[in-house]
Amino acid sequence: MKNMDWSSLGFGYLKTDYNVRCYFRDGKWGELEISSSETINMHMAATCLHYGQEAFEGLKAFKGKDGKIRIFRLEENAKRLQSSCDGILMEKFPVEKFNEAVIKTIKLNERFVPPYESGASLYIRPLLVGTGPQIGVSPANEYLFIVFVMPVGPYFKEGFKTTPVCILREYDRAAPLGTGTYKVGGNYAASLVPGQKAHDMGYSAVLYLDAKEKKYIDECGPANFFGIKNNTYVTPESTSILPSITNKSLIQIAESMGMKVERRQVPVEELSTFEEAGMCGTAAVISPIERIDDLNEEKTYTFSKDGTPGKISEKLYRKLRAIQYGDEPDPFGWITVVE
Ligand SMILES: *Cc1c(COP(=O)(O)O)cnc(C)c1O
C-alpha cells in the first residue's frame, strides 16, 4: 500500500477493506460472505452480550523476501477455536471453512500486508459469537463467525529487549477447573483490573499463580511463561493455562536444537534457578523478562541486569521469526502459503 508508514504501526485496530462472515442459522453454517462494514447488527438479547458466549483467535501472516504471504499455523488456530467452542457450548466452526475464510480475508486485504523489510505483519482476528437471543442462561441457537485483519508493527521497535513483570497474589485470571484453557473473552475481563494495576506500576504484565494454592506458576497475562536452565526449556503445566501455539512451536524448536523440554508444575521459588525467563505468544513471539517482582512477598527474581535478553531466548526467537518470514525452511509444516 502506498503512503503507509509501516514502521510507525503499533498493535491497534485499523480499518481494512473487507471482512468475511458466516452465519449459523436453522442448524447449519451458511456460505462465507464478504462485507465492507465494520459493524455488526445484533439482537440485544444475544448470548455473547449477556453470558459471555464468545471466543476468538489471533494469528499472523508475513510477507517474505520472495513476495509470498505465509500464514503461521493456520490449522492449529482453527482447531483451538473448536476447542473453545466445546468449552462454552458454541456451535463449532469447521476447520476447512476456517482456513478458507482466513485465506479469503487476507487476499481481499492484500494491500495491507506489510512488506518484508518493514518487520511488520498482518494480524488476523477470527471471532465466533452467540447471536441468538436468550434470557435464561443457555447456549444460543444462532452464531456469527467473522474474520478481520489489520497490519501491526514490529513488536520490538528498539530491538529485542526485556521488560519487568509482577506477581499480584490478590488476583486470579482463571479458576483451576474453569475456562482458562479456552480463548474466551470472559478470561480477559477478569484480567483487566490486575493488568491495569501492573501497567500503572510500570510492569508489562502480571504473572499469575495457580488459583488454588498460589504455589505454582500459571501464565503471564495474555502469554505463556517459560524459563530456561541447564539447556532445558521449562514451561508450566496446569488446568487453567491457555495452550499457546507459540509455546508449542518453541518447544519443538528447542527440541530440534538439542535442548531438553519439561512441561510440569513450576513452583514460584524455582524462579530463582532460571537463567532466562520469557513470555510467549503471537504478538511478540517471545517477550523476554528482565525481572519478576513478587509484590506481596517482597521478593525479586532477576534474569537480566541491562535489558539484554538471554542467549537462548534470542536464538529461539530468531529461529521462529525466520520460519515465519520464510527466511529459513519450514521443517515442521507450520506455514500455509497464500497462493
Ligand atoms: C492467545 C493467548 C496466549 C498465546 O497464544 P498463542 O497461540 O501463542 O498466540 C496465551 N495466553 C492467553 C491467555 C491467550 O489468550
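Because only heavy atoms are used, hydrogens play no part in the values below, and waters and symmetry mates are left out as well, while side chains stay in. The residues of the chain are indexed from 1 along the displayed sequence. As the structure lists them, so they are numbered: ligands from 1, and atoms in each ligand from 1.
- Here the protein heavy atom with the shortest distance to atom 3 (C) of ligand 1 is Pro222 O, 3.3 Å.
- Residue contact check: Tyr188 has heavy atoms under 4.0 Å from atoms 2 (C), 12 (C), 13 (C), 14 (C), 15 (O) of ligand 1.
- The cationic group of Lys229 lies under 6.0 Å from the six-membered ring centre of Phe274 and within 45° of the ring axis, placing it in a cation-pi geometry.
- With hydrogens and angles ignored, the 3.5 Å screen pairs no side-chain donor or acceptor of Asn247 with any backbone N or O of Phe225.
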In residues 326-337, what donor-acceptor pairs under 3.5 Å come from side-chain atoms, sequence neighbours left out?
unit_1, atom_1, unit_2, atom_2, d
Asp327, OD1, Tyr116, OH, 2.9
Asp327, OD2, Tyr116, OH, 3.0
Glu328, OE1, Lys319, NZ, 2.6
Asp330, OD1, Gly333, N, 3.1
Asp330, OD1, Trp334, N, 2.9
Asp330, OD2, Trp334, N, 3.1
Asp330, OD2, Ile335, N, 3.0

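- Rounding to the nearest 0.5 Å gives a distance of 10.0 Å between CD of Glu100 and OG1 of Thr105.
- Assignment of Arg73 to the shell around ligand 1 is not supported, since no heavy atom sits closer than 4.0 Å.
- Side-chain N or O atoms of Glu276 include one that pairs as donor or acceptor with a backbone N or O of Lys311 at under 3.5 Å.
- Polar contact check, Asn77 against ligand 1: no nitrogen or oxygen pair lies under 3.5 Å apart.
- By the 4.0 Å N-to-carboxylate-O rule, Arg318 lies close enough to Glu314 to be salt-bridged with it.
- Of the protein's non-hydrogen atoms, the one nearest atom 9 (O) of ligand 1 is Thr282 OG1, 2.6 Å.
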| Hey, mind stepping through Ser304 and Lys161 against side chain to side chain contact (heavy atoms under 4.5 Å, CB included) and telling me if it holds? | CA-CA 10 Å; Ser304 167; Lys161 270 203 347 229; over 6 Å; no
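- Listed by number with element, the atoms of ligand 1 under 4.0 Å from a non-hydrogen atom of Arg80 are 5 (O), 6 (P), 7 (O).
- Any N or O atom pair closer than 3.5 Å counts here, and Gly58 shares no such pair with ligand 1.
- Compare Lys248, Lys183, Arg173, Glu57 by their heavy atoms: the one nearest to atom 1 (C) of ligand 1 is in Lys183.
- Polar contact with ligand 1: present for Thr246 (N/O pair, distance under 3.5 Å).
- Here the heavy atom of the protein found nearest to atom 11 (N) of ligand 1 is Glu219 OE1, 2.8 Å.
- Below 30°, between 30° and 60°, or above 60°: for Tyr317 and Phe160 the angle between ring planes is below 30°, a parallel geometry.
- The proximity of Ala223 to ligand 1, defined as any non-hydrogen pair under 4.0 Å, is limited to the backbone.
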